[in-house]
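Letters A, B, ... mirror the listed sequences (proteins, then strands); counts begin at 1. If you're wondering where the values come from, they're calculated on a predicted model, not measured in any experiment.
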Number of protein chains: 2
Amino acid sequence: MSGTSEGQMERGGKPAEVRRRSGVGPSVDALGQDLAHEAWALLFEVMHAHMRNFPALAAEFELSPVQAHVVRQLGEGPLAMSTLATYLSCDASNVTGLVDRMEVRGLVERRSSEHDRRVKMLVLTEAGAALRERLLERLAEPPAVIANMPEGDLKSLRDIMRRARER
Amino acid sequence: MSGTSEGQMERGGKPAEVRRRSGVGPSVDALGQDLAHEAWALLFEVMHAHMRNFPALAAEFELSPVQAHVVRQLGEGPLAMSTLATYLSCDASNVTGLVDRMEVRGLVERRSSEHDRRVKMLVLTEAGAALRERLLERLAEPPAVIANMPEGDLKSLRDIMRRARER
DNA sequence: CCTAAACAATTGACAACATCAACCTTTGAT
DNA sequence: ATCAAAGGTTGATGTTGTCAATTGTTTAGG
């Protein structure tokens with residue numbers, strides 16, 4: 001959509017995290033970037049297969065990928081359609097049809113908000129909640145790459161990711 | 001923004017079920033499983049957050065997500081349509097239209113195989129290869145979660161993933 | 001109070017993506 | 001030579017996505 005040339009400005013410039021050691025050869029910035037690049041490339045490579053497997057996983061529950069995502073998100077409680085659209089980063093008009101189909105299948109329910117009658121809140125039906133339970137269980141199963149990791153690696157990985165999410 | 005009051009409840013509470021181990025009981029197996037589950041859950045979350053904006057990333061190059069994936073896969077050399085279908089885990093008939101559109105845009109070329117005239121090999125055009133170059137560069141940019149990691153975490157992550165890949 | 005702007009959801013038109021079934025050509029085996 | 005199997009295309013159909021326009025409901029201003 002927007003220009004084809006400015007894509008990397010924001011991302012690349014952001015880590016103003018200047019880890020400034022005393023001048024040792026090449027800028028530590030560049031070194032840190034290389035490190036991040038390599039770690040990211042590896043992570044991407046290792047996880048790629050499993051991410052692409054998601055459609056098939058959703059299909060185990062006769063859900064499309066997006067529907068699975070909705071079921072997953074909808075567990076906490078009622079969500080407005082527009083909020084869901086934001087979560088899915090898609091147009092609101094898209095959510096209408098999406099929810100239509102899921103409603104037909106008895107997974108979710110539209111419920112008018114009392115405070116604001118423009119808003120329709122989405123809730124999982126009982127069947128939807130049951131499905132969600134099974135889905136989450138299935139999603140929680142770590143793939144072989146993870147399951148086969150030595151305990152030390154698992155601990156480190158967990159801690160690293162915990163820290164990362166709090167940032 | 002969202003009319004409701006919830007949305008952030010779950011994020012902190014997810015690993016709650018994992019926590020119950022304090023004393024003697026659980027075998028190392030069970031502990032390892034819980035650990036793997038938690039590490040996987042965290043990793044899954046991070047990767048999914050990244051996958052969510054893959055469409056937007058592809059759009060920076062005026063590519064659909066699938067097209068971006070094709071451009072990426074097609075770098076190594078000529079690929080038969082059926083092979084591509086396998087890579088994409090989709091039906092062969094789907095690839096026809098996909099490639100049609102990309103061919104119209106001058107990104108790829110169908111080339112008949114000499115050994116087997118049923119087969120059509122796909123190659124990137126020069127423009128396609130150039131686009132791929134830029135795309136790969138963009139894909140290599142680590143997302144904020146990675147870019148903001150302290151150097152120690154990055155090193156550990158890199159090493160863990162290196163080991164994982166070799167398994 | 002009344003009107004205008006803003007917002008939530010829907011509708012309709014349209015494109016990409018996905019599947020299935022049917023088809024044509026080519027290949028390879030019998 | 002025949003026939004089954006494989007590679008690719010076509011056609012029908014459904015889901016997902018966008019955008020533009022519409023309906024109904026707040027909310028703000030005059």
- Select one nucleotide: of D:dG17, D:dC19, C:dA9, the one nearest the side-chain heavy atoms of A:T96. C:dA9
- Picking from C:dA18, C:dA8, D:dG7, which would you name as closest to the side chain of B:V119? D:dG7
Phosphate OP1/OP2 of [N] contacted by [X] side-chain N/O (<4.0 Å):
| X | N | value |
| --- | --- | --- |
| A:S64 | D:dT16 | yes |
| B:R117 | D:dG7 | no |
| A:R110 | C:dT10 | yes |
| B:S82 | D:dG8 | yes |
| B:R101 | C:dC17 | yes |

Whole angstrom is fine here: how far is it from [atom1] in [X] over to [atom2] in [N]?
| X | N | atom1 | atom2 | result |
| --- | --- | --- | --- | --- |
| A:F54 | D:dT16 | CZ | C1' | 15 Å |
| A:D100 | C:dA9 | CG | P | 13 Å |
| A:L79 | C:dA8 | CG | P | 14 Å |
| A:L98 | C:dT11 | CG | C1' | 16 Å |
| A:K120 | D:dT26 | NZ | P | 13 Å |
| B:D91 | D:dT15 | CG | P | 17 Å |
| A:N94 | D:dT15 | CG | C1' | 9 Å |

- Ionic contact status for A:D153 with B:R162, cut-off 4.0 Å: no
- Query: Taking 4.0 angstrom as the limit, do A:R138 and A:E141 come out as a salt bridge?
  - Reply: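 Counted as a salt bridge, because a side-chain N and a carboxylate O are separated by less than 4.0 Å.
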- Message: The test is side-chain hydrogen bond (donor to acceptor under 3.5 Å, both in side chains); show your working for B:S89 and A:R52 and say whether it passes.
- Response: CA-CA 9 Å; B:S89 15; A:R52 287 219 3 244; 3.1 Å; yes
- Residue closer to the 5' end of DNA chain D, A:G97 versus B:V95 (nearest nucleotide): B:V95
- Message: For a 4.5 angstrom cut-off between non-hydrogen side-chain atoms, does A:M121 reach A:L79?
- Response: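 A side-chain contact is absent here, since even the closest heavy-atom pair is not under 4.5 Å.
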- Item | Ring centre gap for A:H50 and B:F44 strictly below 6.0 Å |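 No; B:F44 has its ring centre 6.0 Å or more from that of A:H50.
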- Message: I'd like to know if A:R118 reaches the base of C:dA9 with its side chain such that a donor and an acceptor end up less than 3.5 angstrom apart.
- Response: no
